[in-house]
Number of protein chains: 2
Amino acid sequence: MDLVKVLCSDCRLRNLCLPLGLAGKELKQLEEIVKQPRPLQRGQRLYLPGDKFHYLFIVRSGTMKTYTTTSSGQQQIIGFHLPGELVGLDGVSDGNYTCTAETMEMTSVCELPFTKLENVMGQVRVLQRQVHRLMSKELLTDQQLLLQLGKMNAEQRVAAFLLNISCRFHLRGFSASEFHLPMTRSDIGNYLGLAVETVSRQFSHFQEMAVVKVSRKHIIIQKPEFLRLITNLDGKYQQEKEATHC
Amino acid sequence: MDLVKVLCSDCRLRNLCLPLGLAGKELKQLEEIVKQPRPLQRGQRLYLPGDKFHYLFIVRSGTMKTYTTTSSGQQQIIGFHLPGELVGLDGVSDGNYTCTAETMEMTSVCELPFTKLENVMGQVRVLQRQVHRLMSKELLTDQQLLLQLGKMNAEQRVAAFLLNISCRFHLRGFSASEFHLPMTRSDIGNYLGLAVETVSRQFSHFQEMAVVKVSRKHIIIQKPEFLRLITNLDGKYQQEKEATHC
DNA sequence: CGTGAGTTTGAACCGGATCAATTAAGGTGG
DNA sequence: CCACCTTAATTGATCCGGTTCAAACTCACG
């Protein structure tokens, strides 16, 4: 393999990622256990349900999705993972992965052997703290999605989704208002518990309202404050909307 | 305070809980950092969103629920917590709790100062592993719920809910087939993303099918295999059902 | 080019929400 | 201990948001 390893200290994601707060010898300890396998093409899988858990992964570039599969083959997308985000925590619990992790475009990842990582965590308190933070963040993300699936209507879900993606791109140094969605409408629908057609209709709807501009996967958010308003679940906006738009 | 502290070594939950795999000096290290505040009455809160994160809690007896609250006061129940289950992980991420943790009946908990726990984890590898396992388990639980909210219909959600509760009671040494629900129909509905009336109707429906016997909060599961069949999302059962029941 | 996956839009249908009314069960104070 | 009151649960009737089915369209790619 003739790939040059990107050191954490040189990585532009270092402030979103595990190395946050690490320097010098401690950072080196982390760098030593990181492997960087060759990039994966769209549709390749890092792991399948039941695979033995050995590694945590971090997306370095590209995008991944993780999804659970039921006995009957139905699948529910649990999350989309952008650069700097952790993948594989579902395997910690009982030593086997429960999800599938699949790339959505050409993607490269870092690979962390979990037992080695735990060793370093035992020595480096800052790293321990950082890993725990990322684990907990994953819980919050899931809870956010639970709220969307449990209490929001289609309009609110799609608005929340767009805001979420926009915010995460922004954190990574990209534009918050103009970006390219890495996932299909069908993925979005699966993720949000909606039919493809409903997602598409909501996009059209926002476009009619001149809140976003949509052409296929290219998105321009024209009025982010409006999207935020929509995701507020109270009745206030709903009334306003009726007053202004009907 | 005249409460006698229950040592982990004497606790009947020790094999579900953090002490699993610990003994001797290591167990003692854990016991030393555990506090046991006085029992809480129904409806009391361990913490609110925004409260400074200091403790993880473990339910010792009773039941708790955790829920997120939106800007407009809507709430989504994230989980019900039985004895031996961890509460408070949502606070790790940024140092503040994001949920509310509320008791559903007279409940006592153990209280673990998180920084002290992290110290002990650094020294005791088995404990580190166990905490990570429980954190990951929480992720799996959320993902299970996501699948229910995203892909299951009302019948399947309620069936899955009953099976889940039944199984968790069983793990704690209670009957899997006959138990007392600690939560109201409204809580169940909130949790499953259904209206109270729908939950109630599904209970009646299962009763008509002689799959469960329901009287208020007292539940007897007569045909667990049937509930399991229902939660299988494939079309097979749906066709069978139509053949047999119409 | 042509082919197939992804997307959009329309029309009909249905599962679960909502509204409304009744019943049952704790809980409280006399 | 009982009458009263409040909260929880059940059941029926109606309504609507989102699904499903169907068809046309667009674009990337061999």
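Labels below follow one simple rule: chain letters A, B, ... track the order of the sequence lines, proteins then strands, and each chain is numbered from 1. Everything numeric here is computed off the predicted structure, so don't read it as measured data.
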Is there a donor on the side chain of Arg201(B) or the base of dG12(D) sitting less than 3.5 Å from an acceptor on the other? yes
Find out whether Leu162(A) and Phe203(A) are in side-chain contact, i.e. whether some heavy atom of one side chain is under 4.5 Å from a heavy atom of the other. yes
Test side chain to side chain donor-acceptor pair (under 3.5 Å) on Lys151(A) and Gln76(B); report intermediate values, then the result. CA-CA 7 Å; Lys151(A) 298 282 171 291; Gln76(B) 168 70 42; 2.8 Å; yes
Can you label the angle between the Phe174(B) ring and the Phe169(B) ring as parallel, tilted or perpendicular, going by 30° and 60°? perpendicular
DNA chain C: stems of at least 3 consecutive Watson-Crick or G-U pairs whose donor-acceptor distances fall under 3.5 Å: C:1-30 with D:1-30
Nearest whole Å is fine: how far is dT7(C) P from Phe203(A) CZ? 9 Å
Take atom NZ of Lys213(B) and atom C1' of dT10(D), then tell me their distance rounded to the nearest Å. 16 Å
Under 4.0 Å, heavy atom to any atom of DNA chain D: which of residues 214-223 of chain B qualify? Arg216(B), Lys217(B)
What is the distance, to the nearest angstrom, from the NE2 atom on His205(A) to the C1' atom on dG10(C)? 17 Å
Between Thr63(B) and Glu105(B), does any side-chain donor sit less than 3.5 Å from a side-chain acceptor? yes
Measure CD/Gln202(A) against P/dG18(D) and give the value in whole Å, please. 7 Å
Residues in residues 182-196 of chain B with a heavy atom under 4.0 Å of DNA chain C, by number, are Gly193(B), Leu194(B), Ala195(B)
Could you tell me the separation between the CD atom of Glu105(A) and the P atom of dC29(D), rounded to a whole number of Å? 13 Å
In whole angstroms, the gap separating C1' of dT7(C) from CG of Leu181(A) amounts to 13 Å
d(CD, Glu197(A); P, dG17(D)) in whole Å: 18 Å
Flag, side chain of Ser108(A) to backbone of Arg60(A), donor-acceptor distance under 3.5 Å: no
Check the orientation of Tyr97(B) and Tyr47(B). Use parallel for under 30°, tilted for 30 to 60°, and perpendicular for over 60°. parallel
Do the side-chain N and O atoms of His81(B) and Thr66(B) include a donor-acceptor pair separated by under 3.5 angstrom? yes
Round to a whole Å and report the spacing from CG of Leu149(B) to P of dA17(C). 12 Å
